[in-house]
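Chain A is the first sequence line, chain B the second, and so forth, proteins listed ahead of strands; every chain is numbered from 1. Remember, it's a predicted structure, so these values are computed and weren't measured experimentally.
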2 protein chains.
Amino acid sequence: MNSSNTFGAYKLFFATLANDSRLTILGIIRKEPKNLSEICKITGFEQSMVSHNMKLLEYHGMVFVEKKGKFKYYSLNKNTIKPLLDLIDQHTNKYCCKILEGKR
Amino acid sequence: MNSSNTFGAYKLFFATLANDSRLTILGIIRKEPKNLSEICKITGFEQSMVSHNMKLLEYHGMVFVEKKGKFKYYSLNKNTIKPLLDLIDQHTNKYCCKILEGKR
DNA sequence: TAAATAGATGAATATAATTTCATATGAATA
DNA sequence: TATTCATATGAAATTATATTCATCTATTTA
């Protein structure tokens, strides 16, 4: 990860969200916090993969963590991620009709 | 590019912005439209690289194009990209103090 | 219409991100 | 305290993305 240029923060931000697994996970903890094992069970994702990904999401402030004993509960950062997704929904509806109609 | 899942549109959206060259280009056309050669000159980027990237940006509705003779002028989609960058600035300030302080 | 300039394209290469695997650590409880 | 469950970690393998290179087409103008 290159963070040495002007847009480094943006780049890291977007890169963190440009991943299906992480987006799926964000979708799951959108309603209520879940711990790592729960996320694995729900998604079918492998444990260490989820762990790696949660670290990234946490590092970039997209999720918050609360440790309860041996469990770690993750919750969505609703302050920015929620409005962000809304904004993109808008954009997608207006400008990206082509997107998702098929492969490029 | 996998667009077959629920988050496909998000994924593509973020992936398009998760690139230093493209972010640099967006920064340049933020103020006023520029054609491809101008973008190359200003950035020092190679012509075909810029061409490939502009195609992506256009395809995802992040820039608009106007053809004038043999030139193609690109302008920023200020409807969504501008507020989006603002939102992320906010997020970055609040939650991502760690980001950009060094390598991970 | 030939030369020059702007941009496009596809395949090859280079680079980077993601996932998996094996294993480690830490907390809880039988 | 031995075992079990939750999570972490690093390196290897995989997969995805970006960039370059050579070449092509389109438009303008001498």
Next item on the list: Could you tell me which nucleotide pairs with dA30(C) by Watson-Crick or G-U wobble geometry, both distances under 3.5 Å, or answer none if nothing does?
Entry: dT1(D)

Notebook entry, point to check: Any donor-acceptor pair under 3.5 Å joining the side chain of His52(B) to the base of dT20(D)?
Noted result: yes

Next item on the list: Specify the residue among Ala18(A) and Gly69(A) whose closest nucleotide of DNA chain C lies further upstream toward the 5′ end.
Entry: Ala18(A)

Notebook entry, point to check: If only side-chain N and O atoms of Asn35(B) are considered, is one of them under 4.0 Å from the OP1 or OP2 phosphate oxygen of dT5(C)?
Noted result: no

Next item on the list: Indicate the atoms forming the closest heavy-atom contact of Leu36(B) with Ser51(B), along with that distance.
Entry: CD1-CA, 3.8 Å

Check: Tyr59(B) has an atom OH; how far is it from atom P of dT17(D), in whole Å?
Finding: 14 Å

Item checked: 5' priority, DNA chain D, between Phe71(A) and Met49(A) [closest heavy atom] -> Phe71(A)

Item checked: Between C1' of dT9(D) and CE of Met54(A), the distance in whole Å -> 17 Å

Next item on the list: Among dT27(D), dT7(D), dC21(D), find the nucleotide with the atom closest to the side chain of Lys70(B).
Entry: dT27(D)

Check: Counting N and O atoms only, with roles assigned by atom type, does the side chain of Thr43(A) sit under 3.5 Å from a partner on the main chain of Ile39(A), one being a donor and the other an acceptor?
Finding: yes

Next item on the list: For residues Arg22(A) and Thr16(A), report the shortest heavy-atom separation together with the two atoms involved.
Entry: NE-O, 2.6 Å

Check: If you check every side-chain atom of Glu46(B), which of dA6(C), dT20(D), dA18(D) has the closest atom?
Finding: dT20(D)

Item checked: Nucleotide dC21(D), atom C1' - distance to CZ of Phe45(B) in whole Å -> 18 Å

Notebook entry, point to check: Between Ser51(A) and dA6(D), is there a side-chain N or O to OP1/OP2 distance below 4.0 Å?
Noted result: no

Next item on the list: Give me the ring orientation class for Tyr10(A) and Phe14(A): parallel if the planes are under 30° apart, tilted from 30 to 60°, perpendicular past 60°.
Entry: parallel

Next item on the list: Take the protein atom CG of Leu36(A) and the nucleotide atom P of dA6(D), then report the distance between them rounded to whole Å.
Entry: 10 Å

Note to self: Rounding to an integer number of Å, can you tell me how far Asp20(A) CG sits from dA16(D) C1'?
What the structure shows: 11 Å

Note to self: Whether Asn19(B) contacts dT19(D) is assessed here as follows: a side-chain N or O lying under 4.0 Å from the phosphate OP1 or OP2. Is that the case?
What the structure shows: yes

Check: Given atom CG of Leu12(A) and atom P of dT18(C), what is their separation to the nearest angstrom?
Finding: 11 Å

Checklist line | Side-chain donor/acceptor of Ser48(B) to base of dC21(D), under 3.5 Å | finding: yes

Item checked: Gln47(B) (side chain) and dA6(C) (base): donor-acceptor pair under 3.5 Å -> no

Next item on the list: Would you kindly give the CG-to-C1' distance between Leu56(A) and dT9(D), to the nearest whole Å?
Entry: 14 Å

Item checked: Separation of dT19(D) P from Lys55(B) NZ (nearest whole Å) -> 15 Å

Item checked: Closest nucleotide among dA6(D), dA17(C), dT19(D) to the Lys11(A) side chain -> dA17(C)

Note to self: If you compare all heavy atoms of Val50(B) against all heavy atoms of Cys40(B), which two are closest, and at what distance to 0.1 Å?
What the structure shows: CG2-SG, 3.7 Å

Check: Between Lys72(A) and dA8(D), is there a side-chain N or O to OP1/OP2 distance below 4.0 Å?
Finding: yes

Note to self: Tell me the closest heavy-atom pair linking Pro83(B) and Leu87(A), and the distance in Å.
What the structure shows: C-CD2, 3.9 Å

